Chemist: 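Please read through the structure below; I'll follow up with questions.
Keep in mind the model is a prediction, meaning the values are calculated, not measured.
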Amino acid sequence: MDTAEPYPAEPQPTELPTAELPTADLLTVEANGITLACRTWGPPEAPPLLLLHCRGADGADWTPVAERLAAPPAPRRVYAPDLRGHGRSDWPGQYTWEAMSDDVRALLAALGAGRADVVGHSLGGHVALLLAQRHPGVVRRLVLEDVCAPVPLDPPRPPTPRPEGELPFDWAMVRATDEQRNAPDPVWRDRMGRITMPTLVIAGGPTSHLPQEQVAQLAGLIPDARLVTLDAGHLVHETRPEEFLAVLEEFLGR
């Protein structure tokens, strides 16, 4: 997970109803020179919605939420890729946030998804931010779940110790993303004004390990952003899925 600790205690998510929910298909897509695994739910003709996971997870992390968003009466075509260096996608060794956002842009093009609503959690939120800055035409609405402003950390995040055994993600990705979180490119902050689409920032509240003032700062840097706090900790969509879905669906106009 995207935290100073490599393996935080597993949250105790609220159970969502599962009757008559759509199941996922797993695709592999060539995008930006690598192979990405991507789970999909819902009718292909439905409005597209892209879900980007946090560090250390993969697209399956979104399953309970994706199943609900893809279900009637107003289904969406939901895409949840494994970011590079995670899960079943390639582990190419290069893990800049820009490369990840280029992957996502190429994925949307390869899928023929057109203009999509984009939801990013933690690391996935930073990827979504850069996608919205660099390719605003492909993002209809932007949702950022417990994401800090791209400002230098003071003091810096210490190196994350590697856990023993096999991991479902590339440890080089952890080192690279720690470096970018400690010293983000100043251009990322300077270009926040390019994010002109409606944006929702969902903060995890005081039980999140992220500094909530930096989450609020992010909302303040984006011209058309609204900040909502759900006291759920960092894993908002897992810990309080019903509240998360209610806020998300209202924002997306369902």
Chemist: With a 3.5 Å cut-off and no angle check, do the side chains of His121 and Asp61 form a donor-acceptor pair?
Modeler: no
Chemist: In this structure, which one of Arg181, Glu213, Gln217 forms a side-chain contact (heavy atoms from CB on, under 4.5 Å) with Cys148?
Modeler: Arg181
Chemist: Within the 4.5 Å heavy-atom criterion, are Leu245 and Val65 side-chain neighbours or not?
Modeler: yes
Chemist: Looking only at side chains, do Ser101 and Arg134 share a donor and an acceptor under 3.5 Å apart?
Modeler: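 Yes, because at least one side-chain N or O of Ser101 sits under 3.5 Å from a partner of the opposite role on Arg134.
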Chemist: Linking I/L/V/M/F/W/Y whenever their side-chain heavy atoms sit closer than 4.5 Å, directly or via other members, would Leu123 and Val151 fall into one cluster?
Modeler: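 No, separate clusters.
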Chemist: Can you name the nearest heavy-atom pair linking Tyr79 to Ala113, along with the distance?
Modeler: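 Minimum heavy-atom separation between Tyr79 and Ala113: CE1-CB, 4.1 Å.
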Chemist: Please check: side-chain N/O of Arg88 versus main-chain N/O of Asp82, any donor-acceptor pairing under 3.5 Å?
Modeler: no
Chemist: Which pair of non-hydrogen atoms, one from Gly120 and one from Val147, has the smallest distance, and what is that distance?
Modeler: O-CG2, 4.0 Å
Chemist: Would you call Arg141 and Glu250 a salt bridge, taking side-chain N to carboxylate O under 4.0 Å as the test?
Modeler: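 Result for this pair is no, no salt bridge flagged.
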Chemist: Is any side-chain heavy atom of Leu144 closer than 4.5 Å to one of Ile222?
Modeler: yes
Chemist: Looking at Cys38 and Leu111, what are the two nearest heavy atoms and their distance?
Modeler: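 Shortest heavy-atom separation between Cys38 and Leu111 comes out as SG-CD1, 4.5 Å.
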Chemist: With a 4.0 Å cut-off on N to O distance, would you call Asp178 and Arg157 a salt bridge?
Modeler: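 Yes, this pair counts.
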Chemist: Look at the side chain of Ser89 and the backbone N and O of Ala37, then say whether any donor-acceptor pair between them is shorter than 3.5 Å.
Modeler: yes
Chemist: Is a donor from one side chain sitting under 3.5 angstrom from an acceptor on the other, for Trp188 and Glu98?
Modeler: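 There is such a pair (donor and acceptor under 3.5 Å, judged by atom type) between the side chains of Trp188 and Glu98.
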Chemist: Could Asp231 and Arg240 be called an ion pair, given the rule that one side-chain N must be under 4.0 Å from one carboxylate O?
Modeler: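 Between Arg240 and Asp231 there is no salt bridge, as every charged N stays at least 4.0 Å from the carboxylate O atoms.
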Chemist: Would you say the side chain of His234 lies within less than 4.5 Å of the side chain of Leu210, judging by non-hydrogen atoms?
Modeler: yes
Chemist: Would you say the side chains of Gln180 and Asp185 form a donor-acceptor pair under 3.5 Å?
Modeler: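 On atom types as modelled, these side chains do not qualify, holding no pair under 3.5 Å.
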Chemist: Please say which of Val228, Ile202, Leu248 ends up in a side-chain contact (heavy atoms from CB on, under 4.5 Å) with Val236.
Modeler: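 In the set Val228, Ile202, Leu248, the residue that makes a side-chain contact (heavy atoms from CB on, under 4.5 Å) with Val236 is Ile202.
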Chemist: Of the non-hydrogen atoms in Pro22 and Ala70, which two are nearest, and what is the gap between them?
Modeler: CG-CB, 3.6 Å
Chemist: Honestly curious: do Trp171 and Trp91 fall in one hydrophobic cluster under the side-chain, below-4.5 Å linking rule?
Modeler: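 Yes, same cluster.
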Chemist: For the CG atom of Asp146 and the SG atom of Cys54, what is their distance to the nearest 0.5 Å?
Modeler: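 With rounding to 0.5 Å, CG (Asp146) is 10.5 Å from SG (Cys54).
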Chemist: Apply side chain to side chain contact (heavy atoms under 4.5 Å, CB included) to the pair Asp58 and Arg39, showing each step before the final yes or no.
Modeler: CA-CA 10 Å; Asp58 60 26; Arg39 291 164 182 82; 4.2 Å; yes
Chemist: When the ring planes of Phe169 and His86 are compared, do they come out parallel, tilted or perpendicular, using 30° and 60° as the limits?
Modeler: tilted
Chemist: Is the closest basic N to carboxylate O distance between Asp170 and Arg84 below 4.0 Å?
Modeler: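 So Asp170 does not pair with Arg84 through a salt bridge.
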Chemist: Enter the distance from Glu145:CD to Leu230:CG here, rounded to the nearest 0.5 Å.
Modeler: 9.0 Å
Chemist: Does the Thr199 side chain pair with the main chain of Ala225, one donor and one acceptor, at a distance under 3.5 Å?
Modeler: no
Chemist: Determine whether Leu21 and Thr23 make a side-chain contact, defined as any pair of heavy atoms from C-beta on separated by less than 4.5 Å.
Modeler: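 They are not in side-chain contact.
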Chemist: For the OG1 atom of Thr177 and the CE atom of Met100, what is their distance to the nearest 0.5 Å?
Modeler: 6.5 Å
Chemist: Going by heavy atoms in the side chains, are Asp224 and Met197 under 4.5 Å from each other?
Modeler: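 Sidechains of Met197 and Asp224: no contact.
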Chemist: Ile195 versus Gln133: any side-chain heavy-atom pair under 4.5 Å?
Modeler: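 Ile195 reaches Gln133 side chain to side chain.
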Chemist: How close do Leu227 and Ala219 get, counting heavy atoms only, and between which atoms?
Modeler: CB-CB, 4.0 Å
Chemist: Before accepting this row, confirm whether a basic side-chain N of the pair Glu242/Arg68 lies closer than 4.0 Å to the acidic partner's carboxylate O.
Modeler: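 Looking at Glu242 and Arg68, the cut-off is met.
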Chemist: Hey, quick one: are Ile34 and Leu107 part of the same hydrophobic cluster, counting side-chain heavy atoms closer than 4.5 Å, chains of contacts allowed?
Modeler: yes
Chemist: The test is ring pair (Phe, Tyr, Trp, His ring centres under 6.0 Å); show your working for Trp62 and His237 and say whether it passes.
Modeler: CA-CA 8 Å; Trp62 289 105; His237 70 274; 4.0 Å; yes
Chemist: Do Asp103 and Leu83 come within less than 4.5 Å of each other through their side chains, counting heavy atoms only?
Modeler: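 Asp103 vs Leu83: side chains apart.
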Chemist: Is there a side-chain contact between Asp25 and Trp41 (heavy atoms, below 4.5 Å)?
Modeler: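 Sidechains of Trp41 and Asp25: no contact.
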Chemist: So Thr40 and Val78, side chain to side chain contact (heavy atoms under 4.5 Å, CB included) or not? Walk me through it.
Modeler: CA-CA 5 Å; Thr40 67; Val78 181; over 6 Å; no
Chemist: Would you sort out whether Phe251 and Arg226 count as a side chain to side chain contact (heavy atoms under 4.5 Å, CB included), showing the intermediate values?
Modeler: CA-CA 10 Å; Phe251 174 72; Arg226 177 162 63 96; 3.9 Å; yes
Chemist: Roughly how far apart are Leu129 CG and Arg189 CZ, rounded to 0.5 Å?
Modeler: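 Those atoms lie 13.0 Å apart.
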Chemist: Taking all atoms of both residues into account, what is the closest heavy-atom pair of Thr196 and Gly193, and its distance?
Modeler: CG2-O, 3.6 Å
Chemist: How long is the gap from CG on Asp117 to CZ on Arg77, to the nearest 0.5 Å?
Modeler: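 That separation rounds to 15.5 Å.
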Chemist: From Leu27 CG over to Leu36 CG, what is the distance, rounded to the nearest 0.5 angstrom?
Modeler: 11.0 Å
Chemist: When you look at Leu142 and Leu200, which way does the side chain to side chain contact (heavy atoms under 4.5 Å, CB included) test go after all the steps?
Modeler: CA-CA 6 Å; Leu142 178 65; Leu200 174 66; over 6 Å; no
Chemist: Considering residues, nucleotides and ligands other than Arg140, do more than 12 of their heavy atoms fall under 6.0 Å from its CZ?
Modeler: yes
